[in-house]
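The structure appears right after this line, and notes come after that.
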There are 2 protein chains.
Amino acid sequence: MNELFGQRNHTPLYVEVRDTVLGRISTGAWKPGEMLPSESAIGQELGVSQGTVRKALDDLAAQNVVVRRQGKGTFVAEHTAERALFHFFHIETNANTRALPTNSQVYSCRRRKADKTEIDALKLDRDARIVEIKRVREMAGEPAISETVIVPAALFADIDKRTLNDVPNELYQLYEQKYGITVHRAVERVRAVGASDIDAKLLGKKPGTPLLEIERIAETVDGRPVELRVSRCLTEGRHYVSTIV
Amino acid sequence: MNELFGQRNHTPLYVEVRDTVLGRISTGAWKPGEMLPSESAIGQELGVSQGTVRKALDDLAAQNVVVRRQGKGTFVAEHTAERALFHFFHIETNANTRALPTNSQVYSCRRRKADKTEIDALKLDRDARIVEIKRVREMAGEPAISETVIVPAALFADIDKRTLNDVPNELYQLYEQKYGITVHRAVERVRAVGASDIDAKLLGKKPGTPLLEIERIAETVDGRPVELRVSRCLTEGRHYVSTIV
DNA sequence: GAGTGGTCTAGACCACAGA
DNA sequence: CTGTGGTCTAGACCACTCT
């Protein structure tokens, strides 16, 4: 027990430490890319031993909230292009090499009231407004993904077609750098659907062509959903990968 | 340093301990469901401190190799029906409730030489033989999944249609209990395909209906691939879930 | 009460990065 | 050289389970 976390409670100390650190990261007191104070410094500040801080930080490292580098320090995780792609983009070629989206064309970006699905998925108020972004992404030089991205208008003040086409592929870097929103975790729901007339046209295929539909809800580190994304993908010569451990 | 793990090397002690324990599990010296010796007993045997054993076991617990229960002990993980379904079966209804396969009909089980794909996926010898199991699984009372399962004949000596229909759904429990093979980890590759004539017939749909094809390669705890499985699923009112952390 | 894992501490030493 | 995280130890006490 110690002076900061107060009286008798049955929450382990390292959990309190972990949540304190997590809080500072999610409020932005410690920003992506920044180095945290050393283990002993945090321990001194919070009145716990270095070993307890270590356990707290190990937990956060296991959840990819921080990154530890021996000899250098502990850093708040950030969305490099590499992380965004390797961590969040799960399509690869049938030869099991990572397939990278090469190009992306935003053909629509508009603001409107959220519909019921969007309100549910993003936990919005009834009259909340959203930004709807539609784009086609290419892989290996061919249109491959027809994608609709929905974000709450309240969080993404000035986002527009031009902003988006300047930063073509890595939306999550844009979110982090321009809007201070770090996507930390996502749930993807995957279905097989037939291409609609619109999708068929965008992807240069016949209506009814089987497409992989990936619906993603992305959350920040404190669990707020901040993006709903539906991607319809051609999976000729490609597939979606998931590892079960 | 200590007497068992010998001279100067730069492998951390806890890694040696972890690998020793893992070895005993994968050779079957410690079997699924059994309790391991206590941390201090393992420490004494291997000549390391209890804290080092703890770190090794924590690692294994994080990988689901062992399960720790406070006050009881540390146990080798096993395939309960619950674990098989919740951990390895990733289809749920659109209401986000876990969809359970209710029934399963094996309509073919034969032995033959492995083809090239199978040799690659299961890392078999050129002339190895496999067992090919074909079945249809129902969900909510309707045929929903057309599945082909390939396992190396060498590992599954007497498997046949009757064995399979006696243990309808949970193959992994069967593998573990009858053949001493524990599936630990799997990679799934997911595509959208159109139903073939055969799949269409089995699932009661028209040829060309979009199906979700899930190709799974399952491994034991020591990384040997032991099963190749291709499931073609109807995803009307259902979807495949994957969480990215 | 005895035995298990879970938390917490304090301190020693190692490995790595960078000035 | 200093400061960082990484490993390892020894020992105290807590929380849970079972008898």
Side-chain angles (χ1 to χ4, degrees), chain A residues 1-22 25 30 33-78, chain B residues 1-22 25 30 33-78:
Chain A
M1 216 40 53
N2 67 90
E3 68 278 6
L4 277 186
F5 296 128
Q7 307 63 309
R8 289 280 133 247
N9 63 60
H10 296 154
T11 314
L13 261 185
Y14 77 90
V15 173
E16 309 260 17
V17 174
R18 190 184 65 200
D19 292 349
T20 303
V21 172
L22 193 56
I25 291 172
W30 292 337
E34 284 182 9
M35 181 178 154
L36 269 56
S38 71
E39 295 177 349
S40 41
I42 295 176
Q44 278 204 313
E45 186 205 332
L46 302 182
V48 303
S49 81
Q50 175 266 348
T52 301
V53 176
R54 162 167 290 269
K55 172 137 181 150
L57 294 183
D58 280 347
D59 264 30
L60 293 174
Q63 297 168 65
N64 298 313
V65 175
V66 301
V67 174
R68 320 197 72 176
R69 286 199 274 263
Q70 185 174 153
K72 302 180 80 172
T74 302
F75 301 80
V76 181
E78 68 182 328
Chain B
M1 222 36 58
N2 69 91
E3 68 278 6
L4 276 185
F5 295 127
Q7 307 64 313
R8 290 282 132 244
N9 64 58
H10 296 155
T11 316
L13 260 184
Y14 77 91
V15 173
E16 310 260 16
V17 174
R18 189 183 67 200
D19 291 349
T20 302
V21 172
L22 192 57
I25 292 172
W30 291 336
E34 285 181 9
M35 182 177 153
L36 269 56
S38 71
E39 296 177 349
S40 40
I42 295 176
Q44 279 203 314
E45 187 206 331
L46 302 182
V48 303
S49 81
Q50 174 267 347
T52 301
V53 176
R54 162 166 291 269
K55 171 134 182 156
L57 295 183
D58 280 347
D59 264 30
L60 294 174
Q63 297 169 65
N64 298 312
V65 175
V66 301
V67 174
R68 319 198 73 176
R69 286 199 275 263
Q70 183 172 153
K72 301 181 80 173
T74 302
F75 301 80
V76 182
E78 69 181 328

Return the residues of residues 62-73 of chain A meeting this criterion: a heavy atom under 4.0 Å from some atom of DNA chain D. Order them by number, or give none.
A/Arg68, A/Arg69, A/Gln70, A/Gly71, A/Lys72, A/Gly73
Given DNA chain C, 5'-ward residue of the pair B/Pro37 and A/Gly51, judged by closest heavy atom:
B/Pro37
For the pair B/Arg68 and B/Asp58, evaluate side chain to side chain contact (heavy atoms under 4.5 Å, CB included) and give the outcome as yes or no after the intermediate values.
CA-CA 8 Å; B/Arg68 319 198 73 176; B/Asp58 280 347; 2.6 Å; yes
Nearest 0.5 Å please: distance from the [atom1] atom of [X] over to the [atom2] atom of [Y].
| X | Y | atom1 | atom2 | value |
| --- | --- | --- | --- | --- |
| B/Leu46 | B/Leu13 | CG | CG | 9.5 Å |
| A/Gln44 | A/Ser38 | CD | OG | 8.5 Å |
| B/Leu22 | B/Gln63 | CG | CD | 7.5 Å |
| B/Thr52 | B/Lys55 | OG1 | NZ | 9.5 Å |
| B/Leu60 | B/Thr74 | CG | OG1 | 9.5 Å |

Whole Å only: how far is the [atom1] atom of [X] from the [atom2] atom of [N]?
| X | N | atom1 | atom2 | result |
| --- | --- | --- | --- | --- |
| A/Asp58 | D/dT7 | CG | P | 9 Å |
| A/Glu39 | D/dG3 | CD | P | 15 Å |
| A/Leu46 | C/dC8 | CG | P | 13 Å |
| B/Lys55 | C/dT7 | NZ | C1' | 16 Å |
| A/Arg54 | D/dG6 | CZ | P | 5 Å |
| A/Leu57 | D/dT4 | CG | P | 13 Å |
| B/Leu36 | C/dT4 | CG | C1' | 13 Å |
| B/Asp59 | D/dT7 | CG | C1' | 13 Å |

Touch check for B/Thr74, heavy atoms < 4.0 angstrom, all strands: base, sugar-phosphate only, or nothing?
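Sugar-phosphate: the residue B/Thr74, judged by heavy atoms under 4.0 Å, touches backbone atoms but no base.
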So does B/Thr52 get a side-chain nitrogen or oxygen closer than 4.0 Å to the phosphate oxygens (OP1/OP2) of D/dT9?
yes
Proximity to the side chain of A/Tyr14 - top-ranked nucleotide from D/dT9, D/dT7, C/dC8
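The listed nucleotide nearest to A/Tyr14's side chain is C/dC8.
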Side chain proximity check, A/Tyr14 to A/Val48, heavy atoms < 4.5 angstrom
no
